[in-house]
Amino acid sequence: MQCLTYARVSTDKQADKELSLPAQLQAMREYARNHNWEVVEEFVEAGASARTADRKELHRLLARCRNADDPINVVIVHKLDRLARNVSDHVGIRTVLQKLNVRLVSVTENLDNSVSGQLVENIMASIAEFYSANLAEEVKKGLRQKVLQGGWPHQPPRGYKTAKNTEGRSRVVVDADQASLVVKAFELCLSSYTGLRELRRRLARLGLKTKHNQPLSNGYLVRLLTNPFYAGRLRWRNEVHRGNHPPLIPGEIFDRVQDVLRSRTRTMQRYPLRFLLNAFARCRDCRELVTAEAHGRWIYYRCRGSTRLNNRCRASYCRLDKAHSDLEGIYQRIVLSARLKRHLLRSTTKEAMNRHTAFSDLQRGMRVELAAIDRREASLTDSFSEGLLSADAFRLALQRLANDRAGLTLTKAPTDLLAARQLDQAIARAMTAWDIHVAMPLSEQRQLLTTVFAELILSPEGIADYQLNQGLSATAA
């Protein structure tokens with residue numbers, strides 16, 4: 001009889017131990033030799049968890065079993081939990097092997113195909129699943145206990161490193177090469193924060209970069225500035241505990257930096273589309289594009305050139321409400337021509353149709369997949385009724401199909417076409433550009449802005465000058 005052997009360990013460190021992979025392989029070879037079986041191929045899975053069936057060597061083993069030209073009679077494992085550590089995966093793998101007439105044997109456990117043998121096998125699979133889940137729970141408890149005692153069970157963040165104390169235990173110490181740069185990041189955020197892009201550029205010039213010598217990403221910089229580890233605190237799940245490591249940032253400074261970041265984030269979430277002139281209008285003094293900012297209740301536009309290190313623009317800020325009031329006045333003086341109305345009608349209808357077509361294609365694809373799931377379910381039912389599938393395998397396959405079906409729930413049709421028709425009616429009735437502006441959703445008001453203006457100039461007093469696109473004109477104020 002021809003057989004295959006399958007050995008597995010969970011971590012690379014276990015793979016290097018003498019009584020792990022070599023011990024499993026030796027025991028399986030002796031077992032095959034005692035039964036006069038020929039070991040055709042050995043499959044070794046180093047550093048792979050059995051809590052998932054998505055394992056490279058396991059897939060290779062099953063593919064080898066499916067090779068009808070060179071049939072396999074037996075698959076040997078040292079212990080059942082080497083093959084799987086949850087009942088559903090064990091049943092699935094066992095069903096595949098049974099369908100291929102391949103016998104599964106364990107060196108340390110007595111398996112047979114009798115009713116009582118299958119019961120014992122399922123009990124052992126359940127015990128393996130319990131052991132794996134319980135082990136994970138115990139590990140989590142150990143990690144949390146270390147945090148409660150002020151220690152940190154993971155790699156410390158930038159600015160720190162691990163070192164051994166006199167007793168040989170790991171502890172967190174300050175990394176002198178990086179700590180000063182981390183402190184500088186907090187200081188700059190607190191003293192002159194104008195946005196993540198500018199802050200990471202300034203930090204890159206100071207030397208705070210990625211390992212590939214590139215500026216930090218926005219996400220990384222936010223995680224750095226919001227990590228309470230630098231204030232001597234340990235954030236574990238939804239809890240915060242005091243750490244034993246030396247803080248780089250005083251607690252009150254860290255809290256003030258969080259206030260700065262939260263204020264900026266709340267404002268951008270609240271007014272993202274109302275910053276109509278952001279990156280469109282230009283500064284009167286240097287012709288640089290303007291950006292939008294908010295500090296508390298003050299919302300304004302400022303020149304991007306005001307943050308340049310060299311040749312900095314000295315233009316003052318322009319209040320957002322003043323700029324938008326001037327924009328309303330200009331819009332009300334722009335009388336719509338028939339040509340402009342036709343242009344706006346075409347653009348709004350085309351955009352809505354594109355979105356509706358994309359939605360229809362998505363729904364059509366979902367219906368095809370749902371029909372395929374229905375066919376697979378009917379086929380599984382037939383196989384189960386004919387005795388080709390066990391009850392456990394049938395139940396597992398049905399659950400997977402139910403999960404697939406749940407992920408393909410059809411959504412309601414978008415309202416783009418209805419909204420476009422309503423906007424078309426508003427455009428047809430409109431007399432001025434302002435009539436269209438107020439009828440448009442916020443997401444499309446920016447499109448109107450680029451349609452009407454070739455250039456818009458801002459000063460501290462509001463809109464200082466503007467140039468309309470060809471074919472448009474405004475009446476005198």
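Salt bridge present: Glu42 and Arg29 bring a charged side-chain N and a carboxylate O closer than 4.0 Å. Remark: Asp175 does not engage Arg158 in a salt bridge, criterion side-chain N to carboxylate O under 4.0 Å. Residues Glu293 and Arg302 are paired through a salt bridge, judged by an N-O separation under 4.0 Å between the basic side chain and the carboxylate.
A distance of 10.5 Å separates CG of Leu203 from CG of Leu196, quoted to the nearest 0.5 Å. Taking CZ of Arg169 as the reference point, atom NZ of Lys164 lies at 11.0 Å (rounded to 0.5 Å). Rounding to the nearest 0.5 Å gives a distance of 9.5 Å between NZ of Lys146 and CD of Gln149. Separation of atoms NZ (Lys209) and CG (Leu181) is listed at 11.0 Å; rounding is to 0.5 Å.
Judged purely by atom type and a 3.5 angstrom limit, Gln2 has no side-chain atom pairing as donor or acceptor with the backbone of Val40.
Side-chain contact between Ile72 and Glu41 is absent, with no heavy atoms from C-beta onward closer than 4.5 Å. Looking at Leu320 and Leu277, their side chains never come closer than 4.5 Å, going by heavy atoms from C-beta outward. Using a 4.5 Å cut-off on side-chain heavy atoms (C-beta onward), Leu225 and Val260 make no contact. Under the 4.5 Å side-chain criterion, counting only non-hydrogen atoms from C-beta, Val96 is in contact with Arg66. In this structure, Phe43 and Thr5 have side chains that are not in contact, with every pair of non-hydrogen atoms separated by 4.5 Å or more.
What you find for Gly251 and Ala231 is that their closest heavy atoms are CA-CB, 4.3 Å.
Aromatic rings from Tyr160 and Trp152 are positioned such that their centres are separated by 6.0 Å or more.
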